[in-house]
Amino acid sequence: MWYGTAVGLLVAVVLYCFWDVRKPKHFPPGPVWFPLIGCGVTLMKKVRTLGFYHLMWMALCRKYGRIVGVRVGRDHIIVVSGREAIRAMYAKEQFDGRPDGFFFRMRSFGQRLGVAMTDGPDWEVQRKFAVRTMKQLGMGRSEFVRIIEREVQELIENFRVRAEAGEIFTMSGSLDIALLNVVWVLMAGQRYELENVRLKWLAEAIHRTFHVIDMSGGSLSRFPWLRFVCPEASGYGPMMRLLKPLWGFLEETIESIRSNPHSPDRRDSVISAYLVEMARREHHDSFSDAQLVSLCLDLFQAGIETLSSVLGFALLYMLHHPAVMRKVQRELDAVVGAGRLPTSEDRPRLPFTEAVILEVERIATVVPVGLVHRAMDDVELCGYRIPKDSIILPLLYSIQMDADYWTDPGTFRPERFLNETGDRVVVHHDVFIPFGAGRRRCLGEALAKPAVFLFFSAIVHRFSIESADTTLPPLEGMDGITLSPNPFRVRIKERIAV
């Protein structure tokens with residue numbers, strides 16, 4: 001009897017394994033699947049070999065084609081590469097969803113909250129509120145540019161004093177509070193002193209949240225039970241230690257704004273406008289304290305991390321290419337002069353400076369894998385059938401390092417973004433989409449572009465920059481949801497425009 005039962009169980013297990021490794025009809029090609037785990041082990045081996053998740057995905061695309069299908073745990077993951085396939089993906093509204101795994105809920109109190117990692121009717125309401133409010137507060141208009149310029153002036157004066165004292169600067173930590181202020185004035189109507197210790201720690205915590213788990217949600221989304229077995233290795237422990245203080249800071253700020261007496265119509269920040277909306281009897285059911293914290297976390301995290309990483313890489317590339325830095329300085333000297341800092345009005349007359357920033361965004365590819373999407377229905381993409389609820393990863397790195405278009409993508413060459421005479425910036429948006437595309441395009445683009453230009457141009461215009469170490473710091477970034485430069489040290493010296 002026991003022998004028959006054992007044989008029956010063995011047959012059942014074997015049949016299940018054969019069934020479990022079958023791929024859906026017309027599913028994109030990819031590595032072999034194993035029962036229960038899919039091809040997770042294969043992917044992790046490749047990551048260890050290549051060092052970066054985006055390079056692992058790129059290697060699979062070179063082997064299997066522009067669209068690759070893998071399975072990790074029970075999740076189907078589709079990697080989309082190349083400009084035609086990525087454009088086709090962004091054009092289909094069926095790919096506008098976001099995943100619903102454990103990791104994506106963990107950062108918003110176990111619920112689907114905020115605007116970055118949600119979809120559906122509540123997302124529509126919250127996103128509409130966020131876009132409308134940020135526009136009302138001036139984002140994308142001259143009044144908000146003035147706020148950025150004020151933070152630039154504060155940072156330059158801080159750098160001048162520290163440079164006179166012979167201080168060695170650690171990048172990009174030296175930029176963090178000024179960048180945080182740009183976002184925080186919008187979010188809370190407040191700013192902080194550049195030496196604020198608590199805010200320095202907070203900015204560092206934000207950076208670290210982007211380097212705990214990869215864009216797909218990691219093993220924690222596939223196997224949530226790992227948080228009980230190996231909380232550290234799964235990323236659960238480190239992420240929670242970072243999230244709890246961030247939640248606490250945001251909740252404290254919200255309560256401070258709520259407790260201050262103000263008129264019912266006060267809308268001088270995203271938080272105050274949200275509180276006004278919540279106080280209305282007819283407000284949508286999705287408006288809540290938890291939703292507000294999650295919305296703030298989305299905007300806060302994305303804004304600080306992207307700005308800091310792009311500027312950090314920009315200064316790092318200047319160390320590696322001093323001739324380019326000197327050319328930027330000559331252009332700034334000719335257009336801006338010695339008596340002031342660059343302004344947004346100078347931007348059209350600084351094509352080489354602008355081209356340098358664009359080339360940094362291209363070659364550094366701070367977001368090598370665009371923000372993760374989800375197929376909300378069964379859908380066809382480039383001849384393949386993508387099952388409902390598949391996780392979609394647009395590999396932006398494949399576009400911005402496409403040798404067929406860029407010719408020498410691994411070479412830092414800002415002139416590729418200029419016309420033949422070098423007096424006008426030329427951007428081909430089908431092969432350069434650092435902020436993504438479609439309905440889920442980055443909300444902070446209108447803030448990031450002027451901020452990066454103003455901070456970078458002011459620092460390079462006012463200071464000479466050189467490495468504080470005997471060898472140049474590496475250009476390779478730290479892996480994670482974003483790429484960011486490893487901390488590096490510089491000496492800066494005030495210069496006089498010539």
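- The aromatic rings of His373 and Tyr90 sit perpendicular to each other, their planes meeting at more than 60°, with 30° as the lower class boundary.
- Interatomic distance, NZ of Lys449 versus OG of Ser344, reported as 14.5 Å (0.5 Å rounding).
- For the atom pair CG (Leu250) and CG (Leu297), the distance works out to 6.0 Å, reported to the nearest 0.5 Å.
- Of all heavy-atom pairs between Trp406 and Arg416, the closest is O-NH1, 2.9 Å.
- Residues Arg150 and Glu157 are not paired through a salt bridge, judged by the lack of any N-O separation under 4.0 Å between the basic side chain and the carboxylate.
- Residues Ala468 and Ile168 share a closest heavy-atom pair of CB-CG2, 3.7 Å.
- Within 6.0 Å of the CD atom in Gln190, the count of heavy atoms belonging to other residues, nucleotides or ligands exceeds 12.
- Ala188 and Ile257 get closest at one heavy-atom pair: O-CD1, 3.8 Å.
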| task | Output, in order, the C-alpha distance, side-chain angles, deciding distance and verdict of side chain to side chain donor-acceptor pair (under 3.5 Å) for Asp423 and Thr421. | result | CA-CA 6 Å; Asp423 61 355; Thr421 57; 2.7 Å; yes

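- With sequence neighbours excluded, no residue forms a salt bridge (charged side-chain N to carboxylate O under 4.0 Å, His left out) with Glu154.
- Applying the ring-ring contact (aromatic ring centres under 6.0 Å, His included) test to residues at least two apart or on different chains, the pairs with a partner in residues 304-326 are Tyr317-Phe412, His321-Phe412.
- Looking only at distances, a side-chain donor or acceptor of Gln329 sits under 3.5 Å from a matching main-chain atom of Val460.
- Using a 4.0 Å cut-off between charged side-chain N and carboxylate O, Glu204 and Lys200 make no salt bridge.
- Ion pairing of Glu354 with Arg347 is present here, as a side-chain N (NZ or NE/NH1/NH2) and a carboxylate O approach within less than 4.0 Å.
- The existence of a salt bridge linking Glu143 and Arg146 is excluded, since no basic side-chain nitrogen approaches an acidic carboxylate oxygen closer than 4.0 Å.
- Residue pairs meeting the side chain to side chain donor-acceptor pair (under 3.5 Å) criterion with at least one member in residues 41-51: none, sequence neighbours excluded.
- The two residues Leu395 and Ile86 come nearest to each other via the heavy atoms O-CD1, 3.4 Å.
- In this pair, Phe249 and Trp184 present their aromatic rings tilted. The plane angle is within the 30 to 60° band.
- For Ser457 against Thr353, the heavy-atom pair with the smallest separation is CB-CG2, 4.2 Å.
- Note: Glu151 CD to Leu175 CG = 12.5 Å, rounded to the nearest 0.5 Å.
- With contacts defined as side-chain heavy-atom distances shorter than 4.5 Å, the pair Leu483/His54 qualifies.
- Under a 3.5 Å cut-off, the side chain of Arg362 and the backbone N or O of Pro409 do form a donor-acceptor pair.
- Counting only distance, with no hydrogens or angles, the side chain of Arg112 and the backbone of Arg105 share no donor-acceptor pair below 3.5 Å.
- Salt-bridge check for Arg330 with Asp333: failed, with every basic side-chain N at 4.0 Å or more from each acidic carboxylate O.
- What you find for Phe144 and Val182 is that their closest heavy atoms are CZ-O, 3.4 Å.
- Using a 4.5 Å heavy-atom threshold, the side chains of Met117 and Leu371 count as touching.
- Shown here is Glu345, whose CD atom has more than 12 heavy atoms of other residues, nucleotides or ligands within 6.0 Å.
- Ring planes of Tyr236 and Phe102: tilted class, angle from 30 to 60°.
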